[in-house]
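Note sheet for the following structure.
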Amino acid sequence: MPMPRPSASTTYEKSRTSTRHPLALTIILSTALLALSPAQAANLTDNRRSGYAFMGPPLRAMQDDDMTNPASLWQRDGETLWAEPIGEAGRSCADCHGDAASSMRGVAARYPAFDRTMNRPIDLEQRINHCRTAYQKAGPLAFESHDLLALSTHVARQSRGLPIAIENSKALHPFLAMGRSLFHERQGQLNLSCAQCHDDNAGRSLGGATIPQAHPTGYPLYRLEWQGVGSLQRRLRNCMSGMRAAPYAFGAEAFVDLELYLMWRANGMPMESPAVRP
Amino acid sequence: MAKPLIKVPPTAKKGEIIEIKTLIAHPMETGYRAGLNGATLPRDIIRRFVCSLDGEEIFSADFSPAIAANPFLSFFTRIEKSGSITFQWTGDNGFSVSETVEISVS
C-alpha cells in the first residue's frame, strides 16, 4: 500500500493567516531548571522525552525500519558521496576517514563542537564543509542542498543509539549561555519564547500537532510535511516563522548556539538519526 | 538520487507466500500546488509500477497525484519458481527506473 499523504492540519507554521493559535500560553520562565552543568542535566533525565515518544505507532514503525524510513535514500547517497574523490585535492572522505561505520561512530552525538580555528562551536554541516574546503579543496556545499544532507545523514547514522555527548568544556560555556538565552527570549509578532511551548506546554496540542520537548535527537530527519530530509536548522526556522519571528540565516552563529544548547539539554539521550517526524 | 531500496527474500520454498517491499526516491509533485511565484508547479509523478518474474507480471499499480513523495510499496505473492524479479517504475518527464533481483526457490 502506498503511504498516505500527511494531513495538512499538522502544519502550524504554514498557517500564517490562521488565528487558531492558543495565545493563552503560560508565561513562566523556568530558568531555575536550566543551569549549565551536565550533572544538573542528568537530574532532568527522567522527564525528558524524544519527539519519537509523541508520535503514534505507524510513524514510529516507519522510522524504525530502514526499508520504510525514506531518509535511507539520502543516507545511501551519502554513502556514495563519501567514497567519491572530488575537488582540486582529488580526495574522498574515505581516503582520510576510512570506513564511516568506525571513524564516524559517535561523532554526530558530539556536535556542535568547539573548533579551534573558528574559535567557536561549529555544527556537523559546517564541520563537513570545513573538510570539503580545507582538505578536498572543493568549496562548501549549500545548506540544505541534497548532497550536504546526504553526507550529514550518512555521518549521523553512525551515531544511532549512542548517547548525545556534548563536551563539558569551558570554551563552550559562553555559547551555551547564548543558546540558552535565545531559547528563553520572547521574540516575533506572537511574542513567544521557545521555552513557552517546549518547556511549559510540551505534550499539549497546537493546531493538530503535539508540542514535543524539542530534543534534537533525530537530525537530519525525514519530515512528512517536508516530503524530504531536512536539518535541525530547517526545523528551527519552521518554529521561528511559526512565532512570526524572522528566522536566522542558515549557518548563523545564533543558530549554532541554539543547536548547541538543545543538544546539551538532551545530553545522554540516544541519537535516532535519521528519524521520522510528522 | 539513490537507487531504489528493494527487499525480497533471497530464497523461498515452492508455493510460499513472500512479502516484497520497495522504496524509491521521487518528488511526486501533484500538479496542483502553487510554487513560490504563485504559478502552478507542473505535475511530476510516477505513473506506473510493474513487478514481474521472468517477464510475467505478478503485481502492478497505477499511481495518482495523491501519493506521497518517495513512495513505499509492500505486496505479497505466491512464488512457484526461481527466477529474476524485475521492478519497473515509469512516470512523467520520461522517468524510468528498473531493477532486478534474483530469487531461488526450492
Side-chain angles (χ1 to χ4, degrees), chain A residues 1-8 10-11 14 16-17 58-84 144-154 157 220-230 237 241 274-278, chain B residues 1-10 18-36 38 41 43-51 59-77 85 87-92 95 97 99 101:
Chain A
M1 275 251 297
M3 279 180 204
R5 253 197 187 296
S7 110
T10 56
T11 66
K14 276 196 179 161
R16 284 171 187 278
T17 50
L59 275 187
R60 293 188 194 186
M62 188 175 168
Q63 169 172 323
D64 291 344
D65 183 352
D66 283 348
M67 186 64 220
T68 56
N69 183 338
S72 303
L73 295 164
W74 275 253
Q75 192 251 324
R76 291 281 184 100
D77 279 346
E79 207 171 351
T80 309
L81 293 171
W82 180 263
E84 258 170 29
E144 297 312 289
S145 61
H146 176 79
D147 285 4
L148 187 53
L149 289 168
L151 279 167
S152 56
T153 302
H154 180 53
R157 176 72 175 82
L221 57 70
Y222 191 89
R223 191 163 176 227
L224 298 192
E225 186 184 313
W226 296 333
Q227 299 274 291
V229 166
R237 284 172 66 93
S241 40
V276 171
R277 291 290 181 267
Chain B
M1 260 305 233
K3 278 163 55 120
L5 268 62
I6 293 169
K7 201 163 181 179
V8 174
I18 59 162
E19 183 178 15
I20 296 177
K21 297 179 187 173
T22 68
L23 176 69
I24 187 166
H26 197 284
M28 294 298 286
E29 186 57 60
T30 63
Y32 300 117
R33 297 198 313 158
L36 289 176
L41 297 167
R43 193 187 76 185
D44 180 16
I45 65 169
I46 297 171
R47 295 293 289 161
R48 192 162 166 77
F49 169 80
V50 180
C51 174
F59 177 87
S60 69
D62 290 318
F63 283 42
S64 73
I67 291 170
N70 309 306
F72 169 77
L73 288 177
S74 155
F75 52 93
F76 295 85
T77 187
I85 305 185
F87 302 83
Q88 173 96 42
W89 293 260
T90 47
D92 295 337
F95 185 81
V97 171
E99 292 286 335
V101 172

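The model shown is predicted, which means the values in this text are computed figures rather than measured ones. The chains referred to below are lettered A, B, ... by the order of the sequence lines, with proteins before strands, and numbering in each begins at 1.
With sequence neighbours left out, the side-chain contact (heavy atoms from CB on, under 4.5 Å) criterion links B/K21 to A/D65, A/M67, B/K7, B/E19, B/F72, B/S74. For A/D147, there are no side-chain hydrogen bond (donor to acceptor under 3.5 Å, both in side chains) partners, not counting sequence neighbours. Take B/V50 and apply the side-chain contact (heavy atoms from CB on, under 4.5 Å) test, not counting sequence neighbours, and it matches B/R48, B/S52, B/E57, B/S60.
The shortest non-hydrogen separation linking B/L5 to A/D66 is CD2-O, 3.7 Å.
For residues 72-81 of chain A, the interface with chain B (any heavy-atom pair closer than 4.5 Å) comprises A/S72, A/L73, A/W74, A/R76, A/D77, sorted by residue number.
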